[in-house]
Structure formats: C-alpha cells, structure tokens
Undergrad: 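Here it is, the structure in full.
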Amino acid sequence: MTRIAVFASGRGSNFQSIYHQIKAGYIPARVVVLISNKEQAGALTFAREQGIPAEVVQPEAFPNPEEFGKKLLEILQHHRVDWIVLAGYLKKIPDNVVEAYANRIVNIHPALLPAFGGKGMYGMRVHQAVFASGAKVSGVTVHLVNTEYDAGPIVLQKCVDISDCPSPEAIAEKVLAIEHQLYPQALKLLLENPFSIANNRVMIGTLNND
Ligand code: GRF
C-alpha cells in the first residue's frame with residue numbers, strides 16, 4: 001500500500017475528498033502524515049479527528065529552504081512516505097525534497113495550466129484573474145511537481161464551463177467540485193499504473209526505457 005503524506009495550508013476539502021476515496025477503496029493508499037505550515041488549518045483539525053499524525057512545520061522557522069527541506073525529509077522518512085500529495089499547500093517545496101521525491105510529488109491547481117499559474121497565483125487570486133480575463137472556460141490541472149511553480153508534467157486536466165458565472169466566487173465553487181473528482185482520479189491512475197514523462201506530460205501506462 002502506497003504511503004502518502006498530504007501537505008495542506010487551508011480548509012483541506014481536497015484532503016478530505018482524497019481521504020474518503022481512500023477509505024472507500026478507490027485509491028490504493030494510506031495517508032500516514034499530514035503536514036501543514038499553519039496551526040489554524042482546517043486540514044490539521046480533520047487529520048487529528050481521523051487519528052492521522054499531523055505536524056506543523058513553518059518555513060520561517062528555518063534559516064534557508066535547504067534546512068526547511070531537511071526537516072521535511074526527516075518527517076517523511078520517519079513515516080516511510082512514498083508519495084507527497086499537495087492539497088492547497090501554499091509554500092514552495094524545497095529543492096532537496098523535490099529531488100528526493102522526483103516524480104512522486106503531485107499538486108492540484110484550480111485553473112488550466114499553464115494559464116493562470118506561477119508564483120503568487122493561488123486560491124481566489126486565480127479565480128479573480130480568470131474572471132477578469134473574460135474566459136468562458138476554466139478548469140482543474142493535476143500535475144507532478146518540479147522545482148518551478150506550477151510547471152511540472154501534467155497528469156490530468158478537466159475543463160469547466162464558467163460562461164454563466166457572475167463572480168470569481170461562483171467560478172471557485174464550480175471548479176472546486178471538479179477538483180474533488182479529478183484529484184482522486186489522478187492519484188488512482190498514478191498509483192495503479194506505470195507511467196512515463198514525454199513532452200512535459202505524464203503518459204499513463206507506459207514506462208520510460210531509459
Ligand atoms: C484548491 O482550490 C486547490 O486547487 C488550491 O487551493 C485550494 C485548496 O482548497 N491549490 P482546500 O484546502 O483543498 O479546500
């Protein structure tokens with residue numbers, strides 16, 4: 001069974017949807033630790049209610065990203081974590097963690113990357129930018145994490161019609177409902193199949209020959 005660490009900074013609705021899909025037997029995994037940078041995160045409360053070990057690690061407490069990464073790696077190794085699932089985690093994953101878990105860190109972004117992504121583009125800011133652009137579709141992207149913000153190989157994307165959305169909040173609500181479906185689907189695909197990476201896309205069902 002794949003051992004997962006979930007990283008979350010906020011309310012944790014994606015974490016909850018993943019957790020429930022694991023319990024239902026849809027995703028072959030176990031959440032062995034929840035890591036947050038915020039004491040107040042709803043995700044932390046949910047983890048504690050479920051008896052999942054939960055840790056708060058604040059990057060500000062470390063002199064540099066490398067030391068922050070070493071602390072994260074210590075926790076990940078202690079819990080024998082195989083995969084890292086970012087579910088509304090607002091801090092950058094340090095390079096030493098990305099290297100140690102190459103192609104085993106996955107993130108969800110509430111828009112169709114590469115549009116409306118990158119540093120500073122998170123949460124409502126994304127939906128505000130989409131709304132301001134006049135776009136009639138938005139969507140969800142699940143991607144592997146590399147050392148650049150929102151730029152790793154794409155696993156799955158799904159479009160959402162937002163032409164009737166009168167506000168960024170209305171877009172957020174529609175997109176979130178799709179996130180709760182797409183993230184479990186993507187995790188199931190990644191954990192149950194071999195995959196390779198070609199042209200910055202994750203190709204499910206094929207192995208790298210190199
Ligand atoms: C989601 O929209 C996710 O795509 C983004 O942050 C939000 C987190 O929501 N990265 P939640 O904490 O999972 O409810």
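Predicted model only: the values in this text are computed from it and were never measured. Each ligand, and each atom within it, is numbered from 1 in the order the structure gives. Computed over heavy atoms, backbone and side chain alike; hydrogens, waters and symmetry mates excluded.
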Undergrad: If you measure every N or O of Asn14 against every N or O of ligand 1, does any of those distances drop under 3.5 Å?
TA: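 So ligand 1 has an N or O lying under 3.5 Å from an N or O of Asn14.
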Undergrad: Which atom pair, heavy atoms only, marks the closest approach of Val98 to Val145?
TA: CG1-O, 3.9 Å
Undergrad: Taking only heavy atoms of Gly12 into account, list the atoms of ligand 1 that are under 4.0 Å away from them.
TA: 11 (P), 12 (O), 13 (O), 14 (O)
Undergrad: Who's closest to atom 10 (N) of ligand 1 heavy-atom-wise, of Leu86, Asn107, Ile108?
TA: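 Heavy atom nearest to atom 10 (N) of ligand 1 belongs to Ile108.
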Undergrad: Quick one: look up the protein heavy atom nearest atom 9 (O) of ligand 1 and list residue, atom name and how far away it is.
TA: Arg11 NH2, 3.3 Å
Undergrad: Under 30°, 30 to 60°, or over 60°: which ring-plane class applies to His20 and Phe46, parallel, tilted or perpendicular?
TA: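 Geometry flag for Phe46 against His20: perpendicular rings.
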Undergrad: Can you check whether His109 has an N/O within less than 3.5 Å of an N/O in ligand 1?
TA: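 Not met; the criterion fails.
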Undergrad: Which of the atoms of ligand 1 are close to Pro110, meaning less than 4.0 Å from one of its heavy atoms?
TA: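 Those of ligand 1 that fall under 4.0 Å from Pro110 are 2 (O), 4 (O).
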Undergrad: I'd like to know if the side chain of Thr141 reaches the main chain of Leu113, judged simply by a donor and an acceptor atom lying under 3.5 Å from each other, with no hydrogens or angles considered.
TA: yes
Undergrad: Identify the protein heavy atom lying closest to atom 4 (O) of ligand 1, giving its residue, its atom name and the separation to 0.1 Å.
TA: Glu179 OE1, 2.6 Å
Undergrad: I'd like to know if the side chain of Lys174 and the backbone of Asp161 have a donor-acceptor N/O pair within less than 3.5 Å.
TA: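 Indeed, once roles are kept as given, a pair shorter than 3.5 Å links the two residues.
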Undergrad: I want to check something: taking the side chain as every heavy atom from C-beta on, are Leu187 and Tyr183 in contact at a cut-off of under 4.5 Å?
TA: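 Answer yes - side chains close enough.
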Undergrad: Could you check which of Ala8, Gly88, Ser13, Gly10 puts a non-hydrogen atom nearest to atom 11 (P) of ligand 1?
TA: Ser13
Undergrad: Would you say that Gln58 contacts Val56 through its side chain, given a criterion of any heavy-atom pair below 4.5 Å between the two side chains?
TA: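 Side chain of Gln58 against side chain of Val56, heavy atoms only: contact under 4.5 Å found.
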